[in-house]
Novice: 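Please find one structure pasted underneath; my questions will follow.
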Protein chains: 4
Amino acid sequence: MNKNKVVSNVKDQELIKKRRDQMIKGAITLFKEKGFHRTTTREIAKASGFSIGTLYEYIRTKEDVLYLTCDAIYEQVRERIENAFELEQPSRESLVKVIESYFYLMDDLQEEILILYQEAKSLKQETRGYILQKERNMVDILEKVILNCIPEQITKQEAVILANNIFVQGHMWGFRRWILQKQFSLEEYIHLQINAMLRAAEK
Amino acid sequence: MNKNKVVSNVKDQELIKKRRDQMIKGAITLFKEKGFHRTTTREIAKASGFSIGTLYEYIRTKEDVLYLTCDAIYEQVRERIENAFELEQPSRESLVKVIESYFYLMDDLQEEILILYQEAKSLKQETRGYILQKERNMVDILEKVILNCIPEQITKQEAVILANNIFVQGHMWGFRRWILQKQFSLEEYIHLQINAMLRAAEK
Amino acid sequence: MNKNKVVSNVKDQELIKKRRDQMIKGAITLFKEKGFHRTTTREIAKASGFSIGTLYEYIRTKEDVLYLTCDAIYEQVRERIENAFELEQPSRESLVKVIESYFYLMDDLQEEILILYQEAKSLKQETRGYILQKERNMVDILEKVILNCIPEQITKQEAVILANNIFVQGHMWGFRRWILQKQFSLEEYIHLQINAMLRAAEK
Amino acid sequence: MNKNKVVSNVKDQELIKKRRDQMIKGAITLFKEKGFHRTTTREIAKASGFSIGTLYEYIRTKEDVLYLTCDAIYEQVRERIENAFELEQPSRESLVKVIESYFYLMDDLQEEILILYQEAKSLKQETRGYILQKERNMVDILEKVILNCIPEQITKQEAVILANNIFVQGHMWGFRRWILQKQFSLEEYIHLQINAMLRAAEK
DNA sequence: CATGAATGAGGGTTCATTCAT
DNA sequence: AATGAATGAACCCTCATTCAT
C-alpha cells in the first residue's frame with residue numbers, strides 16, 4: 001500500500017518485494033558510506049546483486065531508490081517501536097522502559113537515521129510529505145505513551161515537547177556520536193537523559 | 001588562519017575576502033534552496049556576481065565553496081553566541097536569558113543550520129573535522145555557562161548533556177519546524193523547553 | 001514467398017500469419033502515432049496482444065516488424081488497386097475512373113503512406129529494395145492503364161511521367177494535408193488534378 | 001530571429017553562428033547517411049569538429065540540432081529560390097525559366113530535401129509548425145509567380161494546385177530518384193514535366 | 001508455444017574544471 | 001584579475017534482445 005507508489009515493470013509481486021529488499025539493503029550500505037548523491041545507480045545495482053537494467057525494472061528513477069530506502073528505514077523503526085511499546089502497562093516504570101528501548105533502538109540504527117537526516121530533503125515534495133507523515137506518527141505514539149504513563153505530572157503541551165525531545169535525543173546519540181559517544185557509554189547516556197527528562201516531569 | 005586553508009590564485013588578501021563573502025552569500029541562498037549537490041558552480045558564480053572563471057580564481061574545487069560556507073555559518077553563530085553570552089552575570093536568570101537568546105538566534109538561522117546538517121558530511125574527512133571542532137567549541141561555551149550559572153544543582157556530566165540538549169533543541173526548532181512550528185509559537189517553545197530543562201536541574 | 005523472408009521460431013504457418021497480422025495491425029497504429037524509432041518492441045507486443053517473448057518468436061529483429069508493416073501496407077494498396085483497375089474497359093473515361101479510385105484509396109490510406117515515406121529508409125538496403133520493387137510495380141500498372149486508355153494522345157515517356165505524377169499526387173494529398181486539405185475538398189482536389197493532367201494529355 | 005529560438009550558453013553571437021554552421025554541416029552529412037535517430041549526438045559533435053560538451057553549449061537538446069538543420073535547409077532553399085525568381089519579367093517564358101531553376105535547385109539539394117521529408121515529423125508540434133510555415137511561404141511564392149506570368153490561362157485554384165505540383169515534382173525527382181533518374185536525364189525530366197504542366201494550362 | 005524477468009551496451013545530457021585571451 | 005568557451009568523464013536511463021521456465 002505504500003511501496004506500490006513506486007511503479008515497476010515486473011508483475012510478480014513477491015519478486016518485486018524480494019528484489020526491492022535486495023535493493024534497499026544495498027542502497028543503505030552505499031548511502032551510509034557516501035550519501036545519495038555520490039552513489040551511482042550502477043553501484044546500487046551492483047550492491048543489490050543485479051544489473052542496471054534489472055534495477056530499472058523495479059523502479060522508475062534514482063529518487064525511487066531513495067524513497068524506498070527512507071520508507072524502509074521508517075518502517076523498520078516503526079515496527080520495532082511498536083513491539084517495544086505495546087507490552088507495557090501504564091506506569092512511570094514502563095515509560096522508562098519504553099524510552100530505554102527506544103534509545104537502544106536508535107543506537108542500533110544510527111546510520112540509517114543519519115540517512116534520513118541528510119537525504120530525505122532530496123525527495124520530491126509529495127514523497128517527502130509521505131515520509132514525514134510516518135515520522136509524525138511515531139512521535140504521536142511516543143506522546144500517547146507519555147500521556148498514558150504519567151498523566152498527572154504533565155500537560156498536553158509538555159507531552160508534545162517531551163515526545164519530540166525524546167525522539168530527537170535518540171537521533172542525537174547517533175548523529176552527534178563524535179561528541180557524545182566519546183564521553184558516555186550508551187547506558188550512561190540513557191540514564192542521564194531519562195533522569196533529566198523525568199525529573200523535570202516529576203517536580 | 002582558517003579561510004586560508006583554501007588556496008587562491010589571487011594575492012590581494014582583501015580582494016579574496018571580498019570575493020569570498022560574495023561567494024558565501026550566493027552559495028547560502030542557493031544551498032538553502034536546492035542543496036549543495038543540486039547547485040552548480042556556474043550558479044554559484046552567477047549568484048556571487050562574477051564569472052565561473054573568476055570563481056575558480058578564489059577556490060580550487062566546488063567542495064571549497066561548501067567548506068567556506070559551513071565555516072562562515074559557524075563563524076556567524078559563534079560570533080552572535082559570544083555577544084549574547086558574555087554580558088551575563090552568573091545566575092539562574094542569566095542562564096535562562098542565555099538560552100533564550102540562543103533559541104532566538106537559532107530561529108533566525110534555521111535554514112543555515114539545515115545546511116550544516118544536510119551538507120557538512122560531504123566535506124572531506126579533514127575539513128569536516130575542522131568544522132566539527134567549531135561546533136564542539138560552542139557546546140563547550142554553553143556547558144561553561146551552565147556550570148557557571150547553576151553549579152550547585154548540576155553535575156559535570158549533567159551539564160554536558162544539558163548543553164548538548166539545548167544545542168540540539170535549538171536546531172530542532174528549525175529542522176522540525178513542520179511539526180513544531182505548527183503547534184507552538186517560538187515563545188511557547190522556548191518557555192516549555194526551558195521549563196522542562198531547568199525544572200529538572202532544580203529538583 | 002515474401003513474408004517468409006522473415007524467420008520465425010514457430011512452425012505452424014497459419015499461426016505465423018495470424019500473429020503477424022496482429023503484429024502489423026498494432027505496429028501500424030503505433031507507427032502512425034509516434035513513428036518507428038519512437039515505438040518500442042514492448043509497445044508493439046502489447047498492442048499486438050501478446051508478450052514481448054512471443055513477439056520474438058515471430059520475428060528476429062525490430063526491423064523485421066517495420067519490414068512486415070511496410071510490406072503489408074504495399075500489399076494492401078496493391079490489392080485494392082488491382083480491384084479498382086481490372087474491371088475497366090480502355091477509354092478516357094475509364095482512366096478517369098481509375099485515377100479517381102486511386103485518389104480515394106490514397107485518401108483512405110493517408111497515414112499508412114506516410115509511414116512508408118518516413119520510415120522505409122530505415123530498412124536495410126536489401127529489404128528496402130524489395131519493398132521499392134513493389135512500388136515500382138504499382139507505377140507500372142498505372143502506366144499500362146494509361147497507355148491502354150489513351151494510347152494516341154501520349155508517348156511512352158509522357159506516360160511514365162504521368163504515372164509517377166498521379167502516384168505522387170495521390171500521396172501528396174495525404175502528406176501535404178495541412179496545406180491541401182484546408183483549401184480543397186477531396187472531390188475538388190481530384191477534379192482539379194485530373195483536369196490538369198488530362199487536359200495536358202489531350203492537347 | 002529564428003535561430004535564436006534555440007537557446008545557447010554562449011554569449012558571443014558571431015561564435016554561435018559559426019559553431020552552429022559547423023554543426024549543421026556535420027549534421028546534414030550524418031542525417032543524409034543514417035537519419036536523425038541513428039545519429040548520435042557524439043557523432044554530431046565529432047563531425048562538427050568539437051567535443052560533445054561544446055555541442056551542448058550551443059543547443060539544449062538533440063532535437064535542437066534537427067530543428068536548426070531543417071531550418072537551415074529551408075533557408076537555403078528560400079534564398080536560392082528568391083534569387084532565381086526575382087529577376088524575371090512576367091511571361092510564359094519567364095515562368096518556364098523559374099520552374100527550370102527550381103528543378104535544378106531541387107536536383108542540387110536532393111538529399112537535404114529527403115531529410116525534411118523523413119525527419120521533420122520528429123520535431124515537436126510547435127517547432128514543426130514553424131518549419132512548415134516556411135514551406136508554405138515557398139509554395140505561395142511559386143503561386144504568385146504563376147499567377148503573375150500566366151494570369152489569363154489559369155484560375156486561382158488551378159494555380160494553387162499547380163504550385164503544389166511543381167513543388168512536389170521537384171522533390172519527387174530526388175526522393176524517387178531510384179525510379180526516375182534511371183529513365184530520364186534531369187533535362188528530360190524538366191522538359192517533360194514543364195510540358196505536361198503548361199500544356200494543360202494552355203489548352 | 002508463450003511468458004516475462006534479466007541483461008548491458010549505448011544514448012542523451014550535465015557540469016566541474018581548465019586555460020587562452 | 002577577469003572572462004567564458006571548451007572539454008570529456010561520468011551520470012541517469014532506455015530498450016532490443018535473450019533464455020529459463
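Residue numbering restarts at 1 for every chain, and letters A, B, ... go by the order of the sequence lines.
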Novice: Which part of the nucleic acid, if any, lies within contact of Thr40(C), taking any heavy atom under 4.0 Å across all strands shown: a base, the sugar-phosphate backbone alone, or nothing?
Specialist: sugar-phosphate

Novice: Looking at Lys124(C), I'd like to know if its NZ atom is crowded, meaning that more than 12 non-hydrogen atoms belonging to other residues, nucleotides or ligands lie closer than 6.0 Å.
Specialist: no

Novice: Lys62(A) side chain: which of dA6(F), dC13(F), dC1(E) is closest?
Specialist: dC13(F)

Novice: Just the rounded figure in Å: distance from C1' of dA6(F) to CG of Asp12(D).
Specialist: 14 Å

Novice: Rounded to the nearest angstrom, tell me the gap between atom CD in Glu63(D) and atom P in dT13(E).
Specialist: 10 Å

Novice: Is the count of non-hydrogen atoms from other residues, nucleotides or ligands lying under 6.0 Å from Lys46(D) atom NZ greater than 12?
Specialist: no

Novice: Nearest heavy-atom pair of Glu43(A) and Arg38(A): which atoms, and what distance?
Specialist: OE1-O, 3.8 Å

Novice: Using whole Å, report how far CZ of Arg20(C) lies from P of dC1(E).
Specialist: 12 Å

Novice: With rounding to the nearest 0.5 angstrom, report the CZ to SG distance, Phe31(A) to Cys70(A).
Specialist: 8.0 Å

Novice: Categorize Lys11(B) for me: base, sugar-phosphate, or nothing, with a 4.0 angstrom heavy-atom threshold over every strand shown.
Specialist: sugar-phosphate

Novice: Does any N or O donor sit under 3.5 Å from an N or O acceptor when you compare the side chain of Arg38(C) with the base of dG11(E)?
Specialist: no

Novice: Measure from NZ on Lys46(C) to C1' on dA2(E) and round the result to the nearest Å.
Specialist: 18 Å

Novice: Per the atom types in the model, does the base of dG11(E) pair as donor or acceptor with the side chain of Arg42(D) at under 3.5 Å?
Specialist: no

Novice: Could a donor-acceptor pair under 3.5 angstrom be found where the side chain of Arg60(A) meets the base of dT14(F)?
Specialist: no

Novice: Evaluate whether atom NZ of Lys25(D) has more than 12 neighbouring non-hydrogen atoms of other residues, nucleotides or ligands under 6.0 angstrom away.
Specialist: no

Novice: Please report the distance, rounded to the nearest Å, between NE2 in His37(D) and P in dT14(F).
Specialist: 16 Å

Novice: Rounded to whole angstroms, how far apart are CD on Glu43(D) and P on dG10(E)?
Specialist: 12 Å

Novice: Which is more 5' along DNA chain F, the nucleotide nearest Leu15(B) or the one nearest Ile59(A)? Just name the residue.
Specialist: Leu15(B)

Novice: Closest-nucleotide mapping onto DNA chain E: is Val10(A) or Ile52(B) further toward the 5' terminus? I mean the 5' end.
Specialist: Val10(A)

Novice: Would you mind telling me which of dG8(E), dT17(E), dC1(E) lies closest to the side-chain atoms of Tyr58(C)?
Specialist: dC1(E)

Novice: So which nucleotide from dA2(F), dA5(E), dA6(F) ends up closest to the side chain of Glu57(B)?
Specialist: dA2(F)

Novice: With a cut-off of 6.0 Å (strictly less than), are more than 12 heavy atoms of other residues, nucleotides or ligands near NZ of Lys18(A)?
Specialist: no

Novice: At less than 4.0 Å, is any side-chain N or O atom of Thr41(D) found next to OP1 or OP2 of dG12(E)? Yes or no.
Specialist: yes

Novice: Which residue lies toward the 5' end of DNA chain E, Phe36(D) or Leu55(C), if each is placed at its nearest nucleotide?
Specialist: Leu55(C)

Novice: Mind checking who dC19(F) pairs with, Watson-Crick or G-U wobble, both distances under 3.5 Å?
Specialist: dG4(E)

Novice: Could you state the CG-C1' distance from Asn9(D) to dT3(F), rounded to the nearest angstrom?
Specialist: 15 Å

Novice: Could you tell me the separation between the OH atom of Tyr56(A) and the P atom of dG10(E), rounded to a whole number of Å?
Specialist: 19 Å

Novice: Indicate, with a heavy-atom threshold strictly under 4.0 Å, whether Thr54(D) touches base, sugar-phosphate, or nothing.
Specialist: base

Novice: Which part of the nucleic acid, if any, lies within contact of Thr39(C), taking any heavy atom under 4.0 Å across all strands shown: a base, the sugar-phosphate backbone alone, or nothing?
Specialist: sugar-phosphate

Novice: Classify Arg19(C) by what it touches in the nucleic acid, base, sugar-phosphate, or nothing, heavy-atom distance under 4.0 Å.
Specialist: sugar-phosphate

